[in-house]
> 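Submitted below is the structure of interest, expressed as structure tokens.
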There are 2 protein chains.
Amino acid sequence: MSLARALPKNRTGDKSAYHHGDLSDALLVEAKRLVNKYGVENISLRQVAVNVGVSPSAAYHHFPDKESLLKAAAKSAFEDMADFQERALQDLNGISALAVRRRFRALGQSYVGFAKKNPHLFRLAFGPYCAGEDMNREESRPWQMLLAVLQELDEIGDIHPGMRAYAEILIWSTIHGTANLILDGLLPVETVDPVIQSLELALKSAGKVAK
Amino acid sequence: MSLARALPKNRTGDKSAYHHGDLSDALLVEAKRLVNKYGVENISLRQVAVNVGVSPSAAYHHFPDKESLLKAAAKSAFEDMADFQERALQDLNGISALAVRRRFRALGQSYVGFAKKNPHLFRLAFGPYCAGEDMNREESRPWQMLLAVLQELDEIGDIHPGMRAYAEILIWSTIHGTANLILDGLLPVETVDPVIQSLELALKSAGKVAK
DNA sequence: GCCATAATCTGAACATCATTAAGATAAGTG
DNA sequence: CACTTATCTTAATGATGTTCAGATTATGGC
């Protein structure tokens, strides 16, 4: 698949290929590459097209305008992040309470980790080009992963009943905010772990008021 | 002052004024107005200049480039948010525990409230044009306000010792994340209150683990 | 195999954009 | 007043998003 993408059917050997074969995908990949390198605000449709080896107007047969291309790239970047998170969880199986907690931390750390590693892509995925309308939180992979780990956390008794209702939203908001503030230079990078730790503590004990 | 800004000295009566008098500020105000209306990605230096009644190149005597103008606008937008938060706290004095908690909620609600009311300005203030380098969290007014209310919360016993260390960072991250996710359409607007409630609960009881 | 039709790409064009350079005008200062 | 400096304008350059007419190739029916 990645090979088929690198060598579109019409270009495998055919030197003077008029039709590209997989322009839509090629444009998307190159758009993401440029965004990742220079940031959304510094890339042009023309540059994307030229780098792919095609005239600027060719892009308009696959995307109605630049914004649509960027929105598609944003959606793809979002999936990249999900991939990144999945890879982070991959080797962390195990049923013990410790293993579960490790997974929870890895989830948060990989979220922020992706943002730090690919700040421009992270900003693209969540910025004004976030395909908010047709993007559904409930069905998104990061959300699903969070729900799964949260379920496990609950099973080992790490979530206090008083906290269950809105735990997912609290966690996502917190981690997402941390990532953004770090990218903006408003929080030092080291704050990820304390924040996650605080979250764990909060989840486990909330409702148990001294009183 | 706002009057002096509306009527720059060289224009008060002088019809053929060559010098504007307060172009720097006028450009900033108009830039913010346009960003607020159309979003950063959809405004041009030229439009800002023309709307102010000046040639595009005039702007370059006050800002080295478009990015600098936008960064200045971002800084100003950040202060606008601080103003908004201050107004929200203005009428909420009182020394009772209830009053303190009301202030805490108002702080978070006004943060998200500003974002919902001026999404483009909020994005400008925190996006890629966030003056991260010369902007200092510790000295920013939102941070100071948070610290003050947190201090009060602590005094009425609403912050568990185990939570004190990173409470500010946890709170800011959470509220900031909520605001951003709401703007992206990934969280419904009603989630603000549950999140704040969860935070209150977390702060008060963390550390008190059932065991 | 052949041809019509649709899909895909190019080239040239347009208006707009950021930015710069050279020169005009006004303000401030001796 | 003269002179220096700050401020603004005009005109130009090269890049950008987008459109349109036309060229090229693939596709599916015969």
Side-chain angles (χ1 to χ4, degrees), chain A residues 4-5 7-31 34-35 37-74 124 128-129, chain B residues 4-5 7-31 34-35 37-74 124 128-129:
Chain A
R5 197 166 295 170
L7 297 172
K9 47 182 176 179
N10 294 335
R11 291 231 156 154
T12 60
D14 193 348
K15 271 123 181 178
S16 65
Y18 195 84
H19 285 33
H20 183 281
D22 207 1
L23 229 201
S24 202
D25 249 36
L27 289 173
L28 226 115
V29 169
E30 179 62 14
L34 287 182
V35 167
K37 199 166 182 188
Y38 304 108
V40 208
E41 58 276 358
N42 297 316
I43 73 155
S44 65
L45 219 208
R46 292 174 99 95
Q47 191 63 247
V48 174
V50 167
N51 284 12
V52 164
V54 105
S55 91
S57 50
Y60 287 86
H61 292 266
H62 299 271
F63 301 94
D65 50 24
K66 185 187 182 185
E67 188 187 343
S68 297
L69 171 59
L70 290 180
K71 279 196 174 178
L124 175 68
Y129 298 104
Chain B
R5 197 166 290 172
L7 298 172
K9 48 182 176 178
N10 292 335
R11 292 233 156 150
T12 60
D14 192 348
K15 271 124 182 177
S16 64
Y18 194 85
H19 284 32
H20 182 282
D22 205 2
L23 228 201
S24 202
D25 249 37
L27 288 172
L28 225 114
V29 168
E30 180 62 14
L34 287 183
V35 167
K37 201 167 179 186
Y38 304 108
V40 208
E41 57 276 358
N42 297 315
I43 73 157
S44 64
L45 219 208
R46 294 174 97 92
Q47 192 62 247
V48 173
V50 167
N51 284 10
V52 163
V54 103
S55 91
S57 50
Y60 288 86
H61 293 266
H62 300 272
F63 301 94
D65 50 23
K66 185 188 181 184
E67 188 187 343
S68 297
L69 171 60
L70 290 179
K71 278 196 175 177
L124 175 67
Y129 297 105

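This is a predicted model, so every value here is computed, not measured. Each chain gets a letter, A, B and so on, in the order its sequence line appears, and its residues count up from 1.
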> How far does CG of A:Leu28 sit from CG of A:Leu70, to the nearest 0.5 angstrom?
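Between A:Leu28 CG and A:Leu70 CG, I get 9.5 Å after rounding to 0.5 Å.
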> Could you tell me which non-hydrogen atom of A:Lys71 sits nearest to which non-hydrogen atom of A:Tyr129, and how far apart they are?
CG-O, 3.5 Å
> Look up atom CZ in B:Phe63 and atom CG in B:Leu69, then write down how far apart they are to the nearest 0.5 Å.
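B:Phe63 CZ to B:Leu69 CG: 5.0 Å, rounded to 0.5 Å.
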> For A:Leu69 and D:dT18, give me the distance from atom CG to atom P, rounded to whole Å.
10 Å
> Considering only nitrogen or oxygen atoms on both sides, find all protein atoms under 3.5 Å from nucleotides 12-16 of chain D and state each distance.
residue	atom	partner	partner atom	Å
D:dT16	OP1	A:Ser44	OG	3.1

> Do you know the tightest heavy-atom contact between A:Pro56 and A:Ala49?
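Heavy atoms of A:Pro56 and A:Ala49 come nearest at CA-CB, 3.6 Å.
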> Between the protein and nucleotides 20-22 of chain C, are there any N/O to N/O pairs under 3.5 Å, and if so, what are the atom names and distances?
none

> Take the protein atom CG of A:Asp22 and the nucleotide atom C1' of D:dA26, then report the distance between them rounded to whole Å.
15 Å
> OP1 or OP2 of C:dA7 versus the side-chain N and O atoms of A:His62: is any pair under 4.0 Å?
no
> Take the protein atom CZ of B:Phe63 and the nucleotide atom P of C:dT19, then report the distance between them rounded to whole Å.
13 Å
> Mind calculating the distance between CD (A:Glu41) and C1' (D:dG17) to the nearest angstrom?
17 Å
> To the nearest angstrom, how far is B:Leu34 atom CG from C:dC17 atom P?
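Between P of C:dC17 and CG of B:Leu34: 11 Å.
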> Taking all heavy atoms of B:Ala58 and all of B:Leu23, pick out the closest pair and write down the distance.
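Heavy atoms only, the tightest pair is CB-CD1, 3.9 Å.
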> Partners of A:Leu34 by side chain to side chain contact (heavy atoms under 4.5 Å, CB included), sequence neighbours excluded?
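A:Leu34 satisfies side chain to side chain contact (heavy atoms under 4.5 Å, CB included) with A:Glu30, A:Tyr38, A:Ile43, A:Gln47, A:Val48, A:Asn51 once adjacent residues are dropped.
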> Just verifying a value: how many Å separate A:Leu27 CG and A:Leu45 CG, rounded to the nearest 0.5 Å?
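Output value for this atom pair is 8.0 Å.
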